[in-house]
Number of protein chains: 2
Amino acid sequence: MTAWKLGKGVLWMGNKNEFTEQLKQRGYKLTKQRQAILDVFMEMERPLATAQHIFEKVMEINPGINFSTVYRNLDMLVQEGIVRKITFDQGAAYYELMGGKHHHHLICKGCGKIQCVDYCPLRDMPIKEGFVPTDHSFEIFGFCKECMQTKLLEDERRRERE
Amino acid sequence: MTAWKLGKGVLWMGNKNEFTEQLKQRGYKLTKQRQAILDVFMEMERPLATAQHIFEKVMEINPGINFSTVYRNLDMLVQEGIVRKITFDQGAAYYELMGGKHHHHLICKGCGKIQCVDYCPLRDMPIKEGFVPTDHSFEIFGFCKECMQTKLLEDERRRERE
DNA sequence: ATCTCTGCAAACATTTTGCATCATC
DNA sequence: GATGATGCAAAATGTTTGCAGAGAT
């Protein structure tokens, strides 16, 4: 059982059985590969992970698993609404457990740290007549407190040198 | 000279000379390839285009141009703040002229039509203490008025059949 | 026993790179 | 003429696919 904190509340909470039951009921077989992938999601230290990262972690639990199996299962989990897929740079896609509260991310360009934010822009956006939104992306890039301080110091030093 | 409309205002307006002057001043050479790429951006019928799409259009003006030249120049234009790069699906990245007003997009999953929206979530989002935002993505997917009607009709028909 | 899932290898799509040549300034 | 840009070909990256055999129900 894992829980990520968001401000004063809890961002999500879930246990593996919940998901495995869901999958079984929908006619999916419970292979050790799938269990290992779910295990990795349950024990993730960051909210977002790439397929590569998930693959590496799964290898620790189930060595010999193939990359395509990871991809196929990630697709399946997205399809079943258990996992969300996010792409913000043109590189690899990121995956995260959907469970719990809808949220977005602050991504630090300095250290790569990812924080979750409760705020969702869709509730404040004026409705465009006739358009019915189904999904949306909202990711904020910038510098966290620590990296901003580092950056300001660097900028200052550079200015002194010139 | 091109202008895209946004509600009652104009989304952006620009002319090629403006950009070519900018590039010249920053020490870039004005090759025919670069001019062709800018021409394509000026005459784009949609706000967003993939590198592939831009390449095809540039080929009409300057046949023989190479794909890497297009990529290198798109990178350069992004670097120089003339073009914005957007990625929302894990496929190809999209590019658009930055000129004018900051905006986001409504993307129809039915017909692929892209509308621009004035609203920016960053102005309503509660500030996370210490985090300094520099960039952000905000793209809304859904169905435009026409596609939603089509979809509703299809859903109804399906329900009747069952 | 059935039918899905997996591993493997190969294909695919998009983007990046090194290097010799070419064009702009 | 110097410097930076281009074309070409090849590689790198991330993801998808077909198929034969293995494994879950």
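Since the structure is predicted, the reported quantities are computational estimates derived from the model, not experimental observations. Residue numbers start from 1 in every chain, and the chains themselves are labelled A, B, ... in the order their sequence lines are given, proteins ahead of strands.
The side chain to side chain contact (heavy atoms under 4.5 Å, CB included) check on Ser137(B) picks up Ser137(A), Glu139(A), with sequence neighbours excluded. Among residues two or more places apart in sequence or in another chain, the salt bridge (Lys or Arg N to Asp or Glu O under 4.0 Å) test is passed with Glu56(A) by none. Shown here are the side-chain hydrogen bond (donor to acceptor under 3.5 Å, both in side chains) partners of Asp39(A), two or more places apart in sequence or in another chain: Lys16(A). With sequence neighbours excluded, no residue forms a side-chain hydrogen bond (donor to acceptor under 3.5 Å, both in side chains) with Arg123(B). Partners of Gln149(B) by side chain to side chain contact (heavy atoms under 4.5 Å, CB included), not counting sequence neighbours: none found. Applying the side chain to side chain contact (heavy atoms under 4.5 Å, CB included) test to Val132(B) and every residue at least two apart in sequence or in another chain returns Met148(A). Applying the salt bridge (Lys or Arg N to Asp or Glu O under 4.0 Å) test to Lys109(B) and every residue at least two apart in sequence or in another chain returns Asp135(A).
First and last contacts of DNA chain D with chain A, using any nucleotide atom under 4.0 Å from a protein heavy atom and ordered 5' to 3', fall at dG14(D) to dT25(D).
Side-chain atoms of Tyr28(A) and Gln22(A) include no donor-acceptor pair closer than 3.5 Å.
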Its contact letters, B for base, S for sugar-phosphate only and - for none at protein heavy atoms under 4.0 Å, make nucleotides 11-22 of chain C read ---SBBBB----
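In the helix from dA1(C)-dT25(D) to dC25(C)-dG1(D), the end axes, each obtained as the rotation axis mapping the C1' atoms of four pairs onto the next four within a five-pair block, lie 30° apart to the nearest 10 degrees.
Sequence neighbours left out, the pairs with a member in residues 82-92 of chain B that pass side chain to side chain donor-acceptor pair (under 3.5 Å) are Arg84(B)-Glu96(B).
Leu97(A) places a side-chain heavy atom less than 4.5 Å from the side chain of Met42(A).
Residue Gly64(B) is classed as a sugar-phosphate contact, given heavy-atom separations below 4.0 Å to backbone atoms only.
With His104(A) as the fixed residue, the ring-ring contact (aromatic ring centres under 6.0 Å, His included) test singles out one of Tyr119(A), Phe138(A), Phe88(A): Phe138(A).
Computed from coordinates, the Ile65(A) CD1 to dC5(C) P distance equals 14 Å when rounded to whole Å.
Aromatic ring pairs are classed by plane angle as parallel below 30°, tilted from 30° to 60° and perpendicular above 60°; the pair His103(B) and His105(B) is perpendicular.
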Kindly give the atom pairs (protein nitrogen or oxygen, nucleotide nitrogen or oxygen) under 3.5 Å for nucleotides 23-25 of chain C.
residue, atom, partner, partner atom, Å
dT24(C), O2, Lys29(B), NZ, 3.1
dC25(C), OP1, Leu30(B), N, 3.1

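Using a 4.0 Å cut-off between charged side-chain N and carboxylate O, Asp155(B) and Arg158(B) make a salt bridge.
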